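What you see is a predicted model, and the numbers here were worked out from it, not measured in a lab.
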Amino acid sequence: MNKLVVVDQGSGAEVSARIVETEAYRSDDPASHSFNGPTPRSAVMFGPPGVLYVYLSYGIHSCANVVVGADGDGQAVLVRAVVPVDGLQTMRDRRAGRVDTDLANGPGKVCAALAIGLADNGTDLTAPTARIHIVDDGIPPPAHPLVGPRIGITKAIDTPWRFRTPSR
DNA sequence: AAAGAGATGGTCT
DNA sequence: GACCATCTCTTTT
């Protein structure tokens with residue numbers, strides 16, 4: 001956590017934001033897309049770490065995950081919320097009518113604000129040529145993140161695998 | 001301020 | 001053909 005997502009917006013423009021809220025999913029977790037083994041959609045979750053997994057939620061919203069764990073594990077971390085760092089005005093324009101605190105405080109909003117879509121599924125975040133990168137700018141993960149149950153799922157509801165950086 | 005419902009489409013059975 | 005790791009708008013206190 002606390003790392004930066006940097007997205008190349010084309011024409012040299014860049015937008016970046018700090019990850020402040022995540023959820024964990026893995027293959028022994030009934031709520032995970034990887035629970036029943038690899039499918040055409042969830043295949044990238046079983047690939048090597050450092051790859052972006054994007055899926056369409058409720059037919060409307062894109063949600064972004066980062067694959068973690070070893071190749072074949074089927075683990076990923078959902079990016080639930082980010083705080084704008086660079087390109088704040090771009091995000092405001094892209095999500096007109098919202099106050100700043102609502103720009104990217106949900107999985108679908110994160111993708112809307114950062115312009116991440118299904119086309120970005122499978123992006124290798126470690127490749128220099130990738131449009132999207134994860135950057136560690138030296139700020140460490142919070143020592144005591146707020147922990148709670150995950151949101152919007154129907155299985156494994158009592159598994160507290162949502163993490164958020166304290167304060168705001 | 002809080003609560004309820006509709007939108008909408010890829011994926012899996 | 002049913003299910004959803006959601007968001008936004010509308011209606012009701």
Side-chain angles (χ1 to χ4, degrees), chain A residues 1-3 5 7 15 17-84 87-125 131-132 134 141-142 145-165 168:
Chain A
M1 291 181 62
N2 262 346
K3 302 205 184 313
V5 188
V7 182
V15 161
R18 189 173 309 281
I19 299 172
V20 296
E21 185 171 351
T22 60
E23 283 179 7
Y25 291 91
R26 61 185 204 193
S27 56
D28 61 356
D29 167 14
S32 172
H33 289 168
S34 59
F35 181 59
N36 284 319
T39 66
R41 172 178 62 166
S42 65
V44 308
M45 283 186 76
F46 291 88
V51 172
L52 193 67
Y53 169 48
V54 182
Y55 71 94
L56 194 64
S57 176
Y58 293 87
I60 302 179
H61 306 285
S62 298
C63 300
N65 304 248
V66 176
V67 178
V68 297
D71 192 347
D73 275 2
Q75 298 185 39
V77 172
L78 168 67
V79 180
R80 276 204 68 81
V82 299
V83 173
L88 175 59
Q89 195 56 49
T90 300
M91 297 190 215
R92 281 177 178 155
D93 293 345
R94 189 135 54 204
R95 300 189 33 72
R98 313 306 141 80
V99 295
D100 286 357
T101 54
D102 281 349
L103 282 179
N105 61 340
K109 300 177 189 179
V110 168
C111 287
L114 298 179
I116 296 175
L118 287 179
D120 299 305
N121 188 34
T123 298
D124 180 2
L125 299 171
R131 191 176 80 91
I132 304 169
I134 299 292
L146 300 177
V147 179
R150 292 173 295 179
I151 292 181
I153 55 175
T154 58
K155 302 163 206 157
I157 294 176
D158 293 332
T159 309
W161 280 351
R162 181 166 55 99
F163 307 97
R164 191 172 50 170
T165 68
R168 59 168 48 207

Legend entry - Check against side chain to side chain contact (heavy atoms under 4.5 Å, CB included), A:Gln75 and A:Tyr25: CA-CA 6 Å; A:Gln75 298 185 39; A:Tyr25 291 91; over 6 Å; no

Legend entry - Residues touching DNA chain B, which here means a heavy atom under 4.0 Å, drawn from residues 26-46 of chain A: A:Thr39, A:Pro40, A:Arg41

Inset, instruction - Specify the residue among A:Arg95 and A:Tyr55 whose closest nucleotide of DNA chain C lies further upstream toward the 5′ end. - result: A:Tyr55

Legend entry - Under 3.5 Å donor-acceptor, A:Ser62 side chain and A:Gly117 backbone: no

Inset, instruction - Applying side chain to side chain contact (heavy atoms under 4.5 Å, CB included) between A:Leu52 and each of A:Asn121, A:Ile116, A:Asp124, report the one that passes. - result: A:Ile116

Legend entry - Cationic tip of A:Arg26 above A:Phe35 ring, under 6.0 Å, 45° of axis: no

Legend entry - Nucleotide B:dA7, atom P - distance to CD1 of A:Ile60 in whole Å: 10 Å

Legend entry - Atom-to-atom span, NE2 of A:His61 to C1' of B:dG9 - whole angstrom: 12 Å

Inset, instruction - Identify the residue among A:Arg150, A:Arg80, A:Arg164 that makes a side-chain hydrogen bond (donor to acceptor under 3.5 Å, both in side chains) with A:Glu23. - result: A:Arg80

Legend entry - Smallest separation among heavy atoms of A:Val67 and A:Met45, with atom names: CG1-O, 3.6 Å

Legend entry - Nucleotide interval of DNA chain C bounded by contacts with chain A (heavy-atom cut-off, under 4.0 Å): C:dC4 to C:dT8

Inset, instruction - Under 4.0 Å between any heavy atoms, over every strand shown, what does A:Arg98 touch: base, sugar-phosphate, or nothing? Just pick one. - result: sugar-phosphate

Legend entry - Canonical and wobble pairing (Watson-Crick, G-U, under 3.5 Å) of DNA chain C, dot-bracket with |: ||||.|||||||.

